[in-house]
**Student:** 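Just dropping this structure here.
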Amino acid sequence: THQSIGISTHGGAIRNVVHSFLDEDHPIISIPNCVLYKITYDSTLKKFIAESTPFECLAVEEVSKA
């Protein structure tokens with residue numbers, strides 16, 4: 001089984017995926033290219049949950065220090 005997967009594509013495609021997992025009454029968010037959004041699977045609820053704000057990644061310099 002996989003703990004994490006990554007999908008890289010056009011911002012418009014990611015927007016459609018993220019919006020499909022948000023609540024229906026959630027306002028439309030703009031998703032530019034080159035941004036990371038996190039979608040998690042809740043095995044208790046048996047559904048995907050999307051975060052509506054970009055995921056903060058560590059800079060390469062921070063990762064190499066860890």
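Quick note: numbers below take in every heavy atom, side chains included, and nothing from hydrogens, waters or symmetry partners.
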**Student:** I'd like to check the side-chain contact (heavy atoms from CB on, under 4.5 Å) partners of Asp42; sequence neighbours left out, ordered by chain and number.
**Tutor:**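 With neighbours one apart ignored, the set is Thr44, Leu45, Ile49.
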**Student:** Can you list the residues that meet the side-chain contact (heavy atoms from CB on, under 4.5 Å) rule with Lys46, with sequence neighbours excluded?
**Tutor:**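 side-chain contact (heavy atoms from CB on, under 4.5 Å) check on Lys46 returns Tyr41.
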**Student:** Looking at residues at least two apart in the chain, or sitting in another chain, which of them share a side-chain contact (heavy atoms from CB on, under 4.5 Å) with His19?
**Tutor:**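 With sequence neighbours excluded, His19 shows a side-chain contact (heavy atoms from CB on, under 4.5 Å) to Arg15, Leu22, Ile28, Ile29, given in chain and number order.
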